[in-house]
Each structure stands twice: as C-alpha cells, then as structure tokens.
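Heads up: the structure comes next, in structure tokens.
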Amino acid sequence: AGEWSHIDHALLDELDTRICGFAGKSVLDLGGGPGQYTMAMAQRGARVTWHDVSRTYLEMSRGRAESLGLTGKVTFSLGYLDEAPRLLDERFDLVFNRICWYYGFGDRSFAAVVFELVKPGGFGYIDTTHSDYQREQLSTVARLRTWLNDHGAIKIGHPYPPRGRLARLFLRHPVEQLTVDYRTPTNDKILFRKALAGP
C-alpha cells in the first residue's frame, strides 16, 4: 500500500516525453514488485510486461490489474531478473528498473541483460540506490560484501553498486544517448537510448 501511494508521476511524465508517449509502446517493468508502475504505465496506454521473482507480488499485481480493468494491457512473467531474456520472447521500447538493481547476479552481467532487452532505438531507465547508502549501518559482513563489490566487482549477496558504475557499464554498449542524474544523494538514475545499429 505504501508503494502504491508514492508513484512518481513527474518521472512518468518525463519518460512519456522522452519515449514520445507511452501509448502503443511495449514496456518491461523489470522487477515490478507490487505493480504500481506497471499499472500506471498501462493506464497511459502502454502494453506492459511485469517481471519479478515474487509470487506474492505476482498475485498482488494480477489482482490490481483486474480491479483497474487492465488485464488485456498487462502480462506477467515470474523469474529472476537475469532470466528475463530467456523467459521473454520480446524486446521492448522501454525497460524500466527501479530500486531493485542489486538483485541482479552481477552489475556487469545485469547491465548486459537490461541492454539486450531494449529494442534498437528503445530506452532503458534505471534508478538504483548506490553503495554509500546507509553504509555506516551495515553489519561487518555486509560491509565486507560491499567492499568486495565496490573494489573488485565480486558480488556476494545483494550489495548496492558503487556510485557511477552503472553509467560506465552502459557506455560499453552502443548507446545513442545516456543521461545520468546524481541529484539524489543516495541514488543513481540513468536513462539511455540504444543505438539503432546496436546488436
């Protein structure tokens, strides 16, 4: 309920402008959680695929789609984030990944997964907490895991990526445009457009 009451409509307005409107576009909500952004994008006219590993969130999202009359505009896929290319036989105009990046198996490999899921000329949007977030509150083990990921890209568990890493990873791929927003002190927000001639 808390997530549903805090949808960032200004973000959706900005994405709507960047992708030239949600209407008729195919969108993947990668790590869709309770489905609030899935439904909001579907209400704006997109065909949205919700993908997450949680069966509880799946049931919540299905129920919300039914209650909002969006059953025909939303499809559901259950699996790990990194499994999405294998489970989904589609590439998307927009891949949307918000506040769940750290569940990917590795930062470099997950960036490749996200990039693969975007159509040539399509967009990827990522909003992730970075590794400085509440670092002083981490247990000794969690600090070690964070240090290993920050300094050696060795990912054990679910540490957040270090600030700036994701932008550098996406720049290794053929992108036409990449915008990074560091205005929020705890998060990296990235919007990229995949090159039309990209793989």
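No experiment lies behind these values; they were computed from the predicted model shown.
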Worksheet item: So, T184 side chain and N187 main chain: donor-acceptor pair closer than 3.5 Å or not?
Response: no

Practice prompt. Could you tell me which non-hydrogen atom of L169 sits nearest to which non-hydrogen atom of A111, and how far apart they are?
Written response: CB-CB, 4.0 Å

Worksheet item: Same hydrophobic cluster for L171 and V180, using side-chain heavy-atom links shorter than 4.5 Å among ILVMFWY?
Response: yes

Item to complete: Can you measure from OG (S131) to CZ (R143) and round to the nearest 0.5 angstrom?
Response: 12.5 Å

Worksheet item: Shared ILVMFWY cluster between V114 and V175, side chains joined below 4.5 angstrom?
Response: yes

Fill in: Single-linkage hydrophobic cluster, 4.5 Å side-chain cutoff, L144 and I156 together
yes

Worksheet entry | K194 NZ/CZ over F115 ring centroid, <6.0 Å and within 45° of normal | yes

Worksheet entry | Y160-F105 co-clustered via ILVMFWY side chain contacts under 4.5 Å | no

Practice prompt. State, yes or no, whether a side-chain contact exists between I7 and Y37 at a heavy-atom distance under 4.5 Å.
Written response: yes

Practice prompt. Determine the minimum heavy-atom distance between S61 and W50, stating which atoms define it.
Written response: OG-NE1, 3.2 Å

Worksheet item: Is there a side-chain contact between L30 and F110 (heavy atoms, below 4.5 Å)?
Response: yes

Discussion item. Looking at Y80, is its backbone amide N or carbonyl O close enough to the side chain of H51 to form a donor-acceptor pair, meaning the two atoms are under 3.5 Å apart?
Written reply: yes

Worksheet entry | Separation of S139 OG from R145 CZ (nearest 0.5 Å) | 6.0 Å

Item to complete: Decide yes or no for V27 and F22: does some side-chain heavy atom of the first lie under 4.5 Å from some side-chain heavy atom of the second?
Response: yes

Item to complete: Dump the intermediate steps for side chain to side chain contact (heavy atoms under 4.5 Å, CB included) on I126 and F192, then the final yes or no.
Response: CA-CA 9 Å; I126 299 95; F192 70 85; 4.0 Å; yes

Response to the item:
Between T49 and the options V74, V95, L88, L117, the side chain to side chain contact (heavy atoms under 4.5 Å, CB included) test singles out L88

Response to the item:
Between G33 and Y57 the two heavy atoms that sit nearest each other are O-CB, 3.2 Å

Worksheet item: In a check of side chain to side chain donor-acceptor pair (under 3.5 Å) between R165 and each of T128, D188, N149, D150, which one passes?
Response: N149

Worksheet item: What's the shortest heavy-atom distance between Y103 and D82, and which atoms?
Response: O-OD1, 4.3 Å

Practice prompt. With the side chain counted from C-beta on, respond yes when L94 and K25 share a heavy-atom pair under 4.5 Å apart, and no when they do not.
Written response: no

Worksheet item: Going from CG on L70 to CD on Q43, what distance comes out if it is rounded to the nearest 0.5 angstrom?
Response: 5.5 Å

Worksheet item: Under a 4.5 Å cut-off applied to non-hydrogen side-chain atoms, are D127 and I99 in contact?
Response: yes

Discussion item. Are L148 and L138 linked, directly or through intermediate hydrophobic residues, by side-chain heavy-atom contacts shorter than 4.5 Å (ILVMFWY only)?
Written reply: no

Worksheet entry | Residue that, paired with F96, satisfies side chain to side chain contact (heavy atoms under 4.5 Å, CB included) out of L28, L15, T38 | L15

Discussion item. Rounded at 0.5 Å granularity, tell me how far CZ in R62 sits from OG1 in T75.
Written reply: 10.0 Å

Practice prompt. Indicate yes or no: at least one non-hydrogen side-chain atom of R98 is less than 4.5 angstrom from one of K189.
Written response: no

Discussion item. Would Y125 and L11 count as a side chain to side chain contact (heavy atoms under 4.5 Å, CB included) here? Give the steps.
Written reply: CA-CA 10 Å; Y125 174 79; L11 167 62; 3.6 Å; yes

Practice prompt. Say whether, by atom type as modelled, one donor and one acceptor occur between the side chain of H158 and the main chain of W101 under 3.5 angstrom.
Written response: no

Worksheet item: Considering all heavy atoms of both residues, which atom of E176 and which atom of A195 are nearest to each other, and what is their separation?
Response: CG-CA, 3.6 Å

Worksheet, complete the sentence: Distance col, row F76:CZ vs D52:CG, nearest 0.5 angstrom, shows 11.5 Å

Worksheet entry | Listed once per pair and sorted, the salt bridge (charged side-chain N to carboxylate O under 4.0 Å, His left out) pairs that draw on residues 34-48, sequence neighbours left out | D13-R44, R47-E90

Worksheet item: Taking atom OG1 of T186 and atom CZ of R163, what is their separation to the nearest 0.5 Å?
Response: 7.5 Å

Worksheet item: Does anything in residues 115-126 pair up under salt bridge (charged side-chain N to carboxylate O under 4.0 Å, His left out), and if so which pairs, sequence neighbours excluded?
Response: R91-E116, D93-K119

Worksheet entry | Shortest non-hydrogen separation from G79 to E83 and the atoms involved | CA-OE1, 3.5 Å

Fill in: Exceeds 12 heavy-atom contacts within 6.0 angstrom, atom NE2 of H6
no

Discussion item. One pair to check against side chain to side chain contact (heavy atoms under 4.5 Å, CB included): F123 and L191. What are the steps and the verdict?
Written reply: CA-CA 7 Å; F123 293 83; L191 179 69; 4.2 Å; yes

